[in-house]
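A short write-up of the structure that comes next.
Just so you know, these numbers use all the heavy atoms, side chains as well, and skip hydrogens, waters and symmetry mates.
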Amino acid sequence: MIDNALLKPIKIGNKVVPNRFAINAMEGTDADELGNPSELTYKRYEKFFEGGAGFIDLEAITCHKECVSSLHQLAILPENEEPLRKFVEHLKSINSENVFVFQLTHAGELGNPHFSKSVRVTEEPLPGFEHAEFIDEKAVDKIIDELVRGAVIAHNAGADGIDLKLCAGYLGSQILRPFNKHDWKYGGRWENRKQFALDLVDRIKEAVA
């Protein structure tokens with residue numbers, strides 16, 4: 001008999017994922033005007049939960065409504081907590097065996113300038129992103145506060161965990177990448193750049209302990 005690893009459970013933190021099938025985070029851009037899950041959002045995720053994947057990653061959900069990459073992006077602010085709680089509760093009523101996490105994000109320089117701010121953490125803009133507004137260390141600290149708040153809301157809403165989006169050109173990857181070369185708390189040397197992620201994780205652990 002073939003030993004199928006895809007059907008085996010795997011432990012992530014203190015959660016057990018029942019199989020190795022995963023639905024990765026992919027934005028549907030169909031939230032309502034407040035950033036809450038809409039009827040279309042419900043329909044998409046109902047199908048994911050019915051499908052039996054062991055791990056489902058909720059698409060990029062913004063902790064900062066003023067800087068977003070898509071007009072109808074999901075949001076995770078205090079006013080979204082109750083709608084998100086109802087969303088999770090409904091989906092878990094379909095399948096409570098899987099692990100459901102929220103991908104927390106800040107668009108950074110990928111904020112769409114047609115309807116939101118676009119910001120960068122480097123004094124020198126990346127080619128093609130000259131329109132992005134340079135933000136200082138104090139603004140980055142505020143964004144960290146917002147991401148921590150988002151993690152607490154996700155926890156209160158019933159999510160099993162969070163996925164910090166530190167990739168694909170969003171703010172987290174802007175800080176981690178070598179182009180963030182000027183010397184500041186989270187810039188220049190790799191030891192400084194990586195500290196952004198480490199500080200963020202420590203703050204979140206403390207907030208949801």
Is there a path of hydrophobic side-chain contacts, each under 4.5 Å between heavy atoms, that joins M26 and L58? no

side-chain contact (heavy atoms from CB on, under 4.5 Å) evaluation trace for F196 with L166: CA-CA 10 Å; F196 170 78; L166 306 178; 4.0 Å; yes

d(K138 NZ, D141 CG) to nearest 0.5 Å is 9.5 Å

Give a yes or no on whether V119 and F134 share a hydrophobic cluster (residues Ile, Leu, Val, Met, Phe, Trp, Tyr; joining criterion: side-chain heavy atoms under 4.5 Å apart). no

Set of residues satisfying ring pair (Phe, Tyr, Trp, His ring centres under 6.0 Å) with respect to F55, sequence neighbours excluded: none

For N180, which residues count as a side chain to side chain donor-acceptor pair (under 3.5 Å) partner, sequence neighbours excluded? W184

Taking a hydrophobic cluster as the set of Ile, Leu, Val, Met, Phe, Trp and Tyr residues connected by side-chain heavy atoms closer than 4.5 Å, whether directly or through intermediates, do F21 and F100 fall within one such cluster? no

Under the side-chain contact (heavy atoms from CB on, under 4.5 Å) criterion, do E109 and L171 qualify, and how do the steps go? CA-CA 7 Å; E109 65 192 4; L171 185 78; over 6 Å; no

Report yes or no: do Y42 and F49 belong to one cluster of Ile/Leu/Val/Met/Phe/Trp/Tyr joined by side chain heavy-atom distances under 4.5 Å? yes

Point-to-point distance, once rounded to the nearest 0.5 Å, from CG of L104 to CG of L164: 6.0 Å

Side-chain (R193) to main-chain (G188) donor-acceptor, under 3.5 angstrom: yes

Minimum heavy-atom separation for E27 and A60, please, with both atom names. OE2-CB, 3.7 Å

Under 4.5 Å between any side-chain heavy atoms of E82 and K86, yes or no? yes

Tell me if the CD atom of E206 is crowded by more than 12 foreign heavy atoms within 6.0 Å. no

At their closest point, which heavy atom of N19 faces which heavy atom of L6, and how far apart are they? CB-O, 3.4 Å

Indicate yes or no: does R203 engage E146 in a salt bridge with an N to O separation below 4.0 Å. no

Before accepting this row, confirm whether a basic side-chain N of the pair E39/K43 lies closer than 4.0 Å to the acidic partner's carboxylate O. yes

Within-4.5 Å side-chain heavy-atom neighbours: I162 and I204: yes

Would a 4.5 Å heavy-atom cut-off, applied to side chains only, mark L71 and N112 as touching? no

So NE2 of H72 and CZ of F115: to nearest 0.5 Å the spacing works out to 8.5 Å

With a 4.5 Å heavy-atom cut-off, do K8 and R20 have their side chains touching? yes

Would you mind listing every salt bridge (Lys or Arg N to Asp or Glu O under 4.0 Å) that reaches into residues 50-66, with sequence neighbours excluded? R44-E59

Nearest-0.5 Å distance that lies between atom OG1 in T29 and atom CG in L74: 9.5 Å

In terms of heavy-atom contacts, I76 and G150 come closest through CD1-O, 3.2 Å

Determine whether F179 and F129 fall in the same hydrophobic cluster, where Ile, Leu, Val, Met, Phe, Trp and Tyr are linked whenever their side-chain heavy atoms lie under 4.5 Å apart. yes

Stepwise side-chain contact (heavy atoms from CB on, under 4.5 Å) check, E46 with L91: CA-CA 6 Å; E46 284 170 351; L91 295 174; 4.1 Å; yes

Separation between SG (C67) and CD (E133), nearest 0.5 Å, reads 9.0 Å

More than 12 heavy atoms of other residues, nucleotides or ligands under 6.0 Å from NZ of K47: is that the case? no

Report yes if some heavy atom in the side chain of E79 is under 4.5 Å from a heavy atom in the side chain of N36; otherwise report no. no

Show the nearest heavy-atom pair for residues V16 and P9, with the distance to one decimal. CG1-CB, 4.0 Å

Expected output: side-chain N192 to main-chain G187 donor-acceptor under 3.5 Å: yes

Measure the acute angle between the ring planes of F87 and Y45, then classify it against the limits of 30° and 60° as parallel, tilted or perpendicular. perpendicular

May I ask you to check whether over 12 heavy atoms, not counting those of E97, lie within 6.0 Å of atom CD? no

Whether T41 side chain and P37 backbone form a donor-acceptor pair below 3.5 Å: no

Looking at every non-hydrogen atom in both residues, tell me the closest pair between V121 and Q174 and how far apart they are. N-NE2, 3.7 Å

Establish, yes or no, whether a centroid distance under 6.0 Å links the rings of Y170 and H106. no

Would you check if there is a donor-acceptor pair between the side chains of S38 and D32 at a distance under 3.5 Å? no

Step through the shown structure and confirm whether more than 12 heavy atoms of other residues, nucleotides or ligands are within 6.0 Å of NZ on K117. no

Derivation of the salt bridge (charged side-chain N to carboxylate O under 4.0 Å, His left out) call for K92 and E89: CA-CA 5 Å; K92 288 290 189 178; E89 182 179 49; over 6 Å; no

Residue pair L110 / S118: nearest heavy atoms and the distance that separates them: N-OG, 4.3 Å

Do T62 and L77 have side chains that approach each other closer than 4.5 Å (heavy atoms only, starting at C-beta)? no

Could you give me the CA-CA distance, side-chain angles and deciding distance for L200 and L147, then say whether side-chain contact (heavy atoms from CB on, under 4.5 Å) is met? CA-CA 8 Å; L200 185 52; L147 288 164; 3.8 Å; yes

Reported CD1-to-OG1 distance for the pair I135 and T122, which is rounded to 0.5 angstrom: 10.0 Å

So do S93 and H90 actually touch side chain to side chain, heavy atoms under 4.5 Å? yes

